[in-house]
Amino acid sequence: MKSIWIIAKNTYREIIRDRIIYALIVFAIVMVGGALALGQLSFTEQARISANFGMAAIHLSSVIIAVFVGSTLVAKEIDKQTILSILSKPLSRTQFLMGKSFGLILIIASLILGLSLILVFVFWGLGVPITSSFLVAILGILIESLILMGLALMFSSFSSSFMVVSLTIGVFLIGHWVENLNFLSKKSSSVIFILFAKASVYGFPNLERFNWRDSILYGESVPIDEVLLTTTYGLGWWLAFLVITSLIFRNKNFA
Amino acid sequence: MNLVEVQDLKKSFKRHFWSEKKTVLKGINFNIPSGVITGFLGANGAGKTTTMKCLLNLIFQDSGNIIYFGKSEFSSEVKKKIGFLPEHPYFYSYLTGKEFLLFYGELSRTLSKKALIDRTESLLKRVDLYHAKDIALRNYSKGMLQKIGFAQALIHEPDLLILDEPMSGLDPDGRHYLSELIKESAREGHSVFLSSHLLHDTELLCENLVILKDGTVFYEGSTKDILNTLSTQYKISYLEENFQKIIFEKDQLQMQSRLKELVAKNCIIEKVEKDRVTLEEYFVKNVLEKRKNEVHLDHR
Ligand SMILES: Nc1ncnc2c1ncn2[C@@H]1O[C@H](COP(=O)(O)OP(=O)(O)OP(=O)(O)O)[C@@H](O)[C@H]1O
Ligand SMILES: [Mg+2]
């Protein structure tokens, strides 16, 4: 357990010292700031547009970090051969993987926290009430990022960087679309389409389930049991990806 | 006592999944004894790095056993007793020298926080990098990286150091410095297993040798013995009527009688020396000889 924490701390430091992360953070802040500016444009729906745009900014920037940093998290260590010396220290390959993952989760969590604080000020300025659904929406973003990070990590254990990003973005798009697919299949009479839709619904994480962002707009609160169930669903996917990655990683030759 | 015993280790590689398998290790056997520096020699591509990576479970052998400190499992406890310096010293470029040692030391979980800080300081001084302790590794030269890599391998006071070409790419000064460091740690009780192409340094540094050739162990034993296998002879240089002459004698007795004879003839003896065979000469003759006419088409 201690080893995982040591690796996580160092991974956090690694990402913080990488200049690319700052470009992303600036981008995210500009977008959240843009939410405020946009809100200013239309007085009637100021609050609605700001909330919508601000949440989208947080969502997008954490997803981007999860996918891009996740895809290079371990691949870079193999490329640069730093893995050779670190794995000869007393820790298992699975512990190493978990440490790297937790390091990135910490980064994403810090980013979400920082951006949320900015957004809270924006809301406050606009007089949008901050309710529990704000926290729930943030939780949803965190879990979705977790799944995408786990996925990127899994893909990176058997394919090249470019492929990893493409595949993960592919799953991201499908993951947000499966609900529609499910809906369409109920109306469809084509057996093949229904089978395809069913396979997609079970074979891909339904990322739209973590989208609790709209509830902020409508001022409704998400039922607690739905939050718990969906959180478990999300963690389940992440864990599955981690186990698969770990199984592949365990037998890898670092030649 | 043996720290590590390698038994019938086999490993082959496939470059691509359609290409033929290439057997690198055809079942090798050797031991790493305790308390000495063992040199691990062989031509380029002989499989030294492959063997070392198998020892550290970075790659997995096709068959064969490795016994560590009497146990067959490569557990965390075993890892705590081993320090490893990889062939190319690539480390975390975003860390400073000090952060790097602290990180690896913490990971090794053998020292208390206080002891680790002390150990880091003293190792930095020992490898002469104290002045660069707050500089990021990306700004280190190759020699500095090799030295910090050596310190990293030593950070947790391991019983066994496995060093893959620790002195390659260093200037003569750096090589000397590092071989002194290795000797010093051996004196302190760390056993060492190191691969090298620098035979002169190896000859001076290593009491014991393991030599790989054609995927098998070609020689395992003491460095002295191997050099004595080729007969050593005496070389007498002298002047006879102002002509420079040289004569070789097989052993001490023959040398003595030859000297008496020369003195009686009024020759002037200039120099008598033992004509030693160096490891380099031995190596070129016995280990590399077969490869001279081979053409390698591996590396496309
Ligand atoms: N991943 C790999 N795929 C295919 N062949 C490999 C792989 N790794 C090593 N080899 C081959 O195995 C052989 C042994 O390589 P190894 O690196 O162990 O040699 P070495 O003795 O360390 O050589 P050097 O002195 O040059 O460092 C080489 O012919 C190399 O081409
Ligand atoms: Mg090598």
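On a predicted model such as this, the values are computed, not experimentally measured, just so you know. Below, chains carry the letters A, B, ... as their sequence lines are ordered, and counting in each starts from 1.
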**Q** Just wondering, are more than 12 heavy atoms of other shown residues or ligands nearer than 6.0 Å to CZ in Phe121(A)?
**A**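 Atom CZ in Phe121(A) is not crowded, with 12 or fewer foreign heavy atoms closer than 6.0 Å.
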
**Q** To the nearest 0.5 Å, how far apart are CG in Leu107(B) and CZ in Phe96(A)?
**A**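 Rounded to the nearest 0.5 Å, the CG-CZ separation comes out at 9.5 Å.
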
**Q** Please classify the contact of Lys252(A) with chain B as side chain, backbone, both or neither, using a heavy-atom distance under 4.5 Å.
**A**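 Contact with chain B is through the backbone of Lys252(A) alone.
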
**Q** Would you check if Asn10(A) and Tyr94(B) make a side-chain contact, meaning some heavy-atom pair closer than 4.5 Å?
**A**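 Asn10(A) vs Tyr94(B): side chains touch.
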
**Q** Supply the atom-to-atom distance Leu102(B) CG to Ile6(A) CD1, rounded to the nearest 0.5 angstrom.
**A**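 One finds 11.5 Å between CG of Leu102(B) and CD1 of Ile6(A).
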
**Q** Between Gln152(B) and chain A, with a heavy-atom cut-off of 4.5 Å, which part of the residue counts as in contact: side chain, backbone, both or neither?
**A**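 Contact with chain A: backbone and side chain both.
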
**Q** CD of Glu99(B) to CZ of Arg17(A): how many Å apart, nearest 0.5 Å?
**A**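 Interatomic distance, Glu99(B) CD to Arg17(A) CZ, rounded to 0.5 Å: 4.0 Å.
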
**Q** Is there a side-chain contact between Lys53(B) and Leu84(A) in this structure, where contact means two heavy atoms from C-beta onward sitting under 4.5 Å apart?
**A**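 Side chain of Lys53(B) against side chain of Leu84(A), heavy atoms only: contact under 4.5 Å found.
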
**Q** Which residue out of Ser3(A), Ser85(A), Ser88(A) racks up the most heavy-atom pairs below 4.5 Å with chain B?
**A**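 So the answer, after comparing Ser3(A), Ser85(A), Ser88(A), is Ser85(A).
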
**Q** Minimum heavy-atom separation for Lys11(B) to Asn253(A), with atom names?
**A**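 Where Lys11(B) meets Asn253(A) most closely, the heavy atoms are NZ-ND2, 3.2 Å.
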
**Q** Mark yes when over 12 heavy atoms from residues, nucleotides or ligands other than Lys125(B) sit less than 6.0 Å from its NZ; otherwise mark no.
**A**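 It does: Lys125(B) NZ has more than 12 such atoms within range.
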
**Q** Go through the atoms of Lys89(A) and report whether side chain, backbone, both or neither lie under 4.5 Å from a heavy atom of chain B.
**A**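 Both the backbone and the side chain of Lys89(A) come within 4.5 Å of chain B.
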
**Q** Between Leu95(B) and chain A, which part of the residue has a heavy atom less than 4.5 Å away: side chain, backbone, both or neither?
**A**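 Contact with chain A involves both backbone and side-chain atoms of Leu95(B).
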
**Q** For the CD atom on Glu188(B), are there more than 12 heavy atoms of other groups (residues, nucleotides or ligands in this structure) within a distance under 6.0 Å?
**A**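 Atom CD in Glu188(B) is crowded, with more than 12 foreign heavy atoms closer than 6.0 Å.
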
**Q** Is it the case that over 12 heavy atoms from other parts of the model lie below 6.0 angstrom from the CG atom of Leu228(A)?
**A**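 Counting other residues, nucleotides and ligands, CG of Leu228(A) exceeds 12 neighbours.
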
**Q** Tell me which of these, Phe13(B), Phe84(B), Phe60(B), has more heavy-atom pairs under 4.5 Å with chain A than the rest.
**A**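 Option with the top pair count is Phe60(B).
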
**Q** Relative to chain B, which of Asn251(A), Ile86(A), Leu91(A), Leu87(A) shows the most heavy atom pairs under 4.5 Å?
**A**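 Most heavy-atom pairs within the cutoff with chain B belong to Ile86(A).
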
**Q** Hey, does Ile7(A) have a side-chain heavy atom less than 4.5 Å from the side chain of Phe103(B)?
**A**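 In contact.
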
**Q** Assess the side chains of Glu77(A) and Tyr92(B): does a donor N or O sit below 3.5 Å from an acceptor N or O?
**A**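 Distance-only check passes for Glu77(A) and Tyr92(B).
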
